[in-house]
Amino acid sequence: MCFAFDAHPPDLPADLARRRIAGGAGAELLELTSADGTAFSAALAEAPAASGRAVVVLPDVRGLYPFYSELAERFAQAGHHAIALDYFGRTAGLGPRDEEFEFWPHVRQTHPETVQADAAAALAALRERTGATAAVTVGFCFGGTQSFLASTNPALDLDGVVGFYAGLNPERWGDQGPIARAGDMHGPLLGLYGGADEGIPPDQIDTFEQGLVKAGVDHEIVVYPGAPHSFFDRRFEEHAEACGDAWRRVLGFLQRG
């Protein structure tokens, strides 16, 4: 997993927090329906006055739990409508997920195609509710991988994808993974990695980036020296600089013309 169950997203950088849009309700839990009829849960947070692209948040292997509902609220505070979705409606019913949820059996039953179908349904709900047009996926770990893979699907009509410590291991993902499918991706793409993440070694990141370069995909890959997997956590004060920079890069990405 990425974060501890009681983790929280880092606060917006101080200067951005001073400019953030006041007001707005907390994330609202929704029951949505995917194209195959599957009911799944999502948490939607509306920005009082949106100023950039909407965000579809793709969680880590735990699915929808408080960290990601709170993250959707952070994006809304920064001026971006956001919706975080749960992956496991087909196998575990509706969420959100609690600390006792045994996620691995359900993770193993997910497929990029169904994740993308659920993302499409979440994005449709977000657009219907808010009128948002442009949208970006932002994913973490397992969700970061899914965010990158979503860029291979023109039907989603995304304006970009972001992945925090997205898994790249070709032994895990094979011909369906980001390294194998880099040539099918459409940018812009932003990848954020921890330099001390033992699960995602530099050679995998380099191979992925080489594939993006070869395919001419508009991208930026950032590696934070000394930062571990899941560094984007309010409790990791020693990585506050990396968290602040990551926030700035993501919010800048959301404002791209």
Taking the side chain as C-beta and beyond, is there a heavy-atom pair between [X] and [Y] under 4.5 Å?
X: Arg90; Y: Asp36; value: yes
X: Leu29; Y: Pro96; value: yes
X: Thr110; Y: Phe142; value: yes
X: Glu31; Y: Leu94; value: yes
X: Asp233; Y: His8; value: no
X: Gln204; Y: Pro170; value: yes
X: Val57; Y: Phe75; value: yes
X: Trp247; Y: Pro10; value: yes

Do any N or O atoms from the side chain of [X] and from the backbone of [Y] form a donor-acceptor pair under 3.5 angstrom?
X: Thr145; Y: Ala166; answer: no
X: Thr38; Y: Gly89; answer: no
X: Gln255; Y: Leu251; answer: no
X: Ser147; Y: Gly143; answer: no
X: Thr114; Y: His111; answer: yes
X: His219; Y: Val217; answer: yes

Between [Y] and [X], is the closest basic N to carboxylate O distance under 4.0 Å?
X: Arg74; Y: Asp11; value: yes
X: Asp245; Y: Arg248; value: no
X: Glu70; Y: Arg234; value: yes
X: Asp6; Y: Arg235; value: yes

Working for side-chain contact (heavy atoms from CB on, under 4.5 Å), residues Thr137 and Phe148 = CA-CA 8 Å; Thr137 55; Phe148 289 166; over 6 Å; no

inquiry  = Run Asp98 and Tyr65 through side chain to side chain donor-acceptor pair (under 3.5 Å) and show every step you take.
reply    = CA-CA 7 Å; Asp98 61 24; Tyr65 66 98; over 6 Å; no

task = Starting from the C-alpha separation in whole Å, work towards a yes-or-no answer on side-chain contact (heavy atoms from CB on, under 4.5 Å) for Val55 and Leu254.
result = CA-CA 8 Å; Val55 179; Leu254 293 173; 3.8 Å; yes

remark   = Rounded to the nearest 0.5 angstrom, the CD1-CG distance for Ile83 and Leu30 is 5.5 Å

query = Given Leu85 and Leu58, is the side-chain contact (heavy atoms from CB on, under 4.5 Å) satisfied, shown in steps?
reply = CA-CA 6 Å; Leu85 61 89; Leu58 299 174; 3.8 Å; yes

Over 60° means perpendicular and under 30° means parallel, so classify the ring planes of [Y] and [X], tilted if in between.
X: His229; Y: Tyr165; answer: tilted
X: Phe164; Y: Phe232; answer: tilted
X: Phe88; Y: His106; answer: tilted

key: Option passing side chain to side chain contact (heavy atoms under 4.5 Å, CB included) with Val223 (candidates Ile205, Asp206, Leu192, Ile200)   = Ile205

ask   = Given the rule in the salt bridge (charged side-chain N to carboxylate O under 4.0 Å, His left out) test, do Asp86 and Arg62 qualify, once you have shown the distances and angles that lead to the verdict?
value = CA-CA 9 Å; Asp86 182 70; Arg62 284 186 187 272; over 6 Å; no

key: Under 3.5 Å side-chain donor-acceptor pair for Asp118 and Tyr87   = no

request  = Verify side chain to side chain donor-acceptor pair (under 3.5 Å) between His186 and Ser151, making sure each step is shown before the conclusion.
outcome  = CA-CA 5 Å; His186 298 277; Ser151 75; over 6 Å; no

message = Between Glu102 and Arg97, is the salt bridge (charged side-chain N to carboxylate O under 4.0 Å, His left out) condition met? List the steps.
response = CA-CA 9 Å; Glu102 295 184 11; Arg97 306 304 167 189; over 6 Å; no

